[in-house]
Enquirer: 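My questions all concern the structure below.
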Amino acid sequence: MNSLEKVPTHVAFIMDGNGRWARQRGKDRIFGHFEGVESVRAVMEASVEFGVKYISFFAFSEENWNRPEAEVNGLMELMMDTIHRELRTFLDNGIRFRLLGNRSRLSKKLNDAIDGLEAATAEGTRMTAIVFLSYSGKWDIRQAARRMAEDGGSDIEDYLVTAGIPDPDLLIRTSGEKRISNFMLWQLAYTEFVFTDTLWPDFRKEEYRNALLEYASRDRRFGKVK
Ligand code: IPE
Ligand code: IPE
Ligand code: MG
């Protein structure tokens with residue numbers, strides 16, 4: 001992508017609109033989630049090509065546990081299948097996989113699969129792809145505060161699940177909703193936001209490139225005077 005003078009180090013996605021995408025086609029919501037995985041793969045491969053170093057995907061929030069049981073189970077199974085099916089995508093592209101969230105709410109089987117993919121891809125150096133599962137920003141701040149108090153620590157950033165990962169430079173949310181929905185509340189303090197009406201299953205490389213061009217045109221001041 002030669003025309004980009006400023007490539008963000010870390011891009012985060014709130015992948016929204018899978019259910020509406022399916023409904024528009026007269027299908028069950030889960031079909032939208034299946035197709036959404038295709039967008040995740042396309043965006044991961046494009047990110048490596050564009051030179052992005054960290055990419056974050058909000059896959060399931062703490063609040064999403066309140067959805068109908070069939071959808072929740074379908075999403076957890078899809079996560080499990082995707083972990084098994086996409087190992088090659090990670091290895092072929094030199095991508096390291098991380099999963100962040102409230103792991104105590106996930107099944108033992110899923111936790112084992114996550115550990116397996118994290119270990120298998122630990123040597124990936126071109127990019128780190130982070131999936132946020134059973135994550136919410138308030139949960140993260142609460143667990144960080146609790147552990148910091150236990151430890152007698154002083155910097156909350158060391159205790160957030162994202163410790164060691166640079167804050168997102170750019171957040172992209174699909175489906176026309178313009179809210180954070182309890183994603184990384186602390187870490188998004190100075191992030192640039194791009195909102196698009198495109199539903200997540202339709203979000204692919206060309207639109208991603210446009211969002212990066214939009215990012216490159218932004219003037220980030222971080223509260224200072226330039
Ligand atoms: C995003 O799509 C995926 C998850 C939150 C799991 P949605 O499932 O929220 O789709 P809409 O917003 O209902 O269309
Ligand atoms: C945000 O989408 C969470 C994820 C993408 C995982 P939601 O569909 O859950 O958000 P709301 O309910 O529209 O705010
Ligand atoms: Mg939604």
Side-chain angles (χ1 to χ4, degrees), residues 1-22 24-25 31-61 75 78-79 82-83 85-86 88-100 121 124-133 135 162 165-181 183-184 187-188 190-220:
M1 184 165 16
N2 345 347
S3 50
L4 272 194
E5 49 233 68
K6 288 192 290 183
V7 178
T9 300
H10 184 173
V11 183
F13 288 91
I14 299 181
M15 312 183 280
D16 201 8
N18 294 351
R20 279 164 281 172
W21 185 91
Q24 282 175 1
R25 286 157 182 77
F31 285 95
H33 300 313
F34 285 146
E35 192 60 24
V37 175
E38 302 299 314
S39 295
V40 170
R41 189 188 312 108
V43 163
M44 278 209 303
E45 288 172 349
S47 296
V48 171
E49 189 186 315
F50 296 157
V52 171
K53 287 292 170 197
Y54 294 86
I55 185 151
S56 289
F57 296 104
F58 199 9
F60 193 87
S61 69
L75 281 164
L78 178 60
M79 191 65 215
T82 305
I83 284 176
R85 248 183 303 113
E86 298 300 330
R88 278 254 66 89
T89 307
F90 285 93
L91 295 179
D92 290 350
N93 291 284
I95 304 173
R96 180 176 178 191
F97 170 79
R98 302 269 319 264
L99 189 130
L100 301 178
T121 63
T125 54
R126 289 183 79 187
M127 186 177 77
T128 299
I130 309 153
V131 172
F132 288 76
L133 191 71
Y135 176 88
T162 50
I165 297 167
D167 288 344
D169 300 291
L170 171 64
L171 173 85
I172 300 173
R173 182 170 188 152
T174 56
S175 90
E177 310 300 349
K178 296 176 184 70
R179 52 179 173 258
I180 297 186
S181 298
F183 198 23
M184 297 186 248
Q187 299 89 336
L188 295 170
Y190 266 106
T191 302
E192 295 293 326
F193 288 13
V194 167
F195 296 104
T196 169
D197 288 339
T198 303
L199 303 177
W200 177 253
D202 290 327
F203 187 92
R204 298 292 160 93
K205 186 174 174 183
E206 279 322 300
E207 193 164 356
Y208 185 19
R209 187 198 302 274
N210 289 339
L212 294 189
L213 287 168
E214 163 72 26
Y215 171 82
S217 76
R218 301 272 177 95
D219 179 19
R220 301 183 78 189

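Because only heavy atoms are used, hydrogens play no part in the values below, and waters and symmetry mates are left out as well, while side chains stay in.
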Enquirer: Quick one: CD on E45 to OH on Y208, what's the gap to the nearest 0.5 Å?
Expert: 12.0 Å

Enquirer: Do you know the tightest heavy-atom contact between A59 and M15?
Expert: CA-CE, 3.6 Å

Enquirer: Might you point out which heavy atoms bring V11 and V52 nearest each other, and give the distance in Å?
Expert: CG2-CG1, 3.9 Å

Enquirer: Which heavy-atom pair separates M79 from V131 by the least distance, and what is that distance?
Expert: CE-CG1, 3.9 Å

Enquirer: Using only atom types and a distance under 3.5 Å, with no angle test, would you say the side chain of K205 pairs donor to acceptor with the backbone of V43?
Expert: no

Enquirer: Roughly how far, to the nearest 0.5 Å, is the CG atom of N18 from the NE2 atom of H33?
Expert: 5.5 Å

Enquirer: Hey, does the side chain of R209 reach the backbone of A46 with a donor-acceptor pair shorter than 3.5 angstrom?
Expert: no

Enquirer: Please name the pair of heavy atoms, one in D197 and one in G176, separated by the smallest distance, quoted to 0.1 Å.
Expert: OD1-CA, 3.3 Å

Enquirer: Apply side chain to side chain contact (heavy atoms under 4.5 Å, CB included) to residues L100 and I165 and explain how you reach the verdict.
Expert: CA-CA 11 Å; L100 301 178; I165 297 167; 4.1 Å; yes

Enquirer: Show the nearest heavy-atom pair for residues P168 and T191, with the distance to one decimal.
Expert: O-OG1, 2.7 Å

Enquirer: Apply side chain to side chain contact (heavy atoms under 4.5 Å, CB included) to the pair W21 and D202, showing each step before the final yes or no.
Expert: CA-CA 8 Å; W21 185 91; D202 290 327; 3.0 Å; yes

Enquirer: How long is the span from the CD1 atom in I83 to the CG atom in L99, to the nearest 0.5 Å?
Expert: 6.5 Å

Enquirer: For the residue pair W200 and F203, categorise the inter-ring angle as parallel (less than 30°), tilted (30 to 60°) or perpendicular (more than 60°).
Expert: parallel

Enquirer: Answer yes or no: is there an ion pair linking R204 with E35, defined by an N-O contact shorter than 4.0 Å?
Expert: yes

Enquirer: So F13 and F57, would you call those rings parallel, tilted or perpendicular, with 30° and 60° as cut-offs?
Expert: parallel

Enquirer: Within a strict 4.5 Å, meaning less than it, do heavy atoms of the L171 and I14 side chains meet?
Expert: yes

Enquirer: Side chain to side chain contact (heavy atoms under 4.5 Å, CB included), that's the test. Do R173 and F193 meet it? Break it down for me.
Expert: CA-CA 8 Å; R173 182 170 188 152; F193 288 13; over 6 Å; no

Enquirer: To the nearest 0.5 Å, tell me how far Q187 CD sits from T162 OG1.
Expert: 3.5 Å

Enquirer: What's the separation between atom CD1 in I55 and atom CD1 in I172, rounded to the nearest 0.5 Å?
Expert: 8.0 Å

Enquirer: Flag the pair L212 / L170 as yes when at least one side-chain heavy-atom distance between them is below 4.5 Å, and no otherwise.
Expert: yes

Enquirer: Rounded to the nearest 0.5 Å, how far does CZ of F90 lie from OG1 of T128?
Expert: 10.5 Å

Enquirer: Looking only at heavy atoms, what is the nearest atom pair of S39 and P201, with distance?
Expert: OG-O, 3.2 Å

Enquirer: Start with the C-alpha gap between E192 and K6, add the side-chain angles, then the distance that decides, and say whether salt bridge (charged side-chain N to carboxylate O under 4.0 Å, His left out) holds.
Expert: CA-CA 13 Å; E192 295 293 326; K6 288 192 290 183; over 6 Å; no

Enquirer: Give the intermediate values and the outcome of side chain to side chain contact (heavy atoms under 4.5 Å, CB included) for residues N93 and M127.
Expert: CA-CA 8 Å; N93 291 284; M127 186 177 77; over 6 Å; no

Enquirer: Look at E214 together with R218 and state whether they make a salt bridge at an N to O cut-off of under 4.0 Å.
Expert: yes

Enquirer: Heavy-atom distance under 4.5 Å between the side chains of Y135 and M184, does that happen here?
Expert: yes

Enquirer: For a 4.5 angstrom cut-off between non-hydrogen side-chain atoms, does E207 reach T174?
Expert: no

Enquirer: Do the side chain of H10 and the main chain of P166 share a donor and acceptor less than 3.5 angstrom apart?
Expert: yes

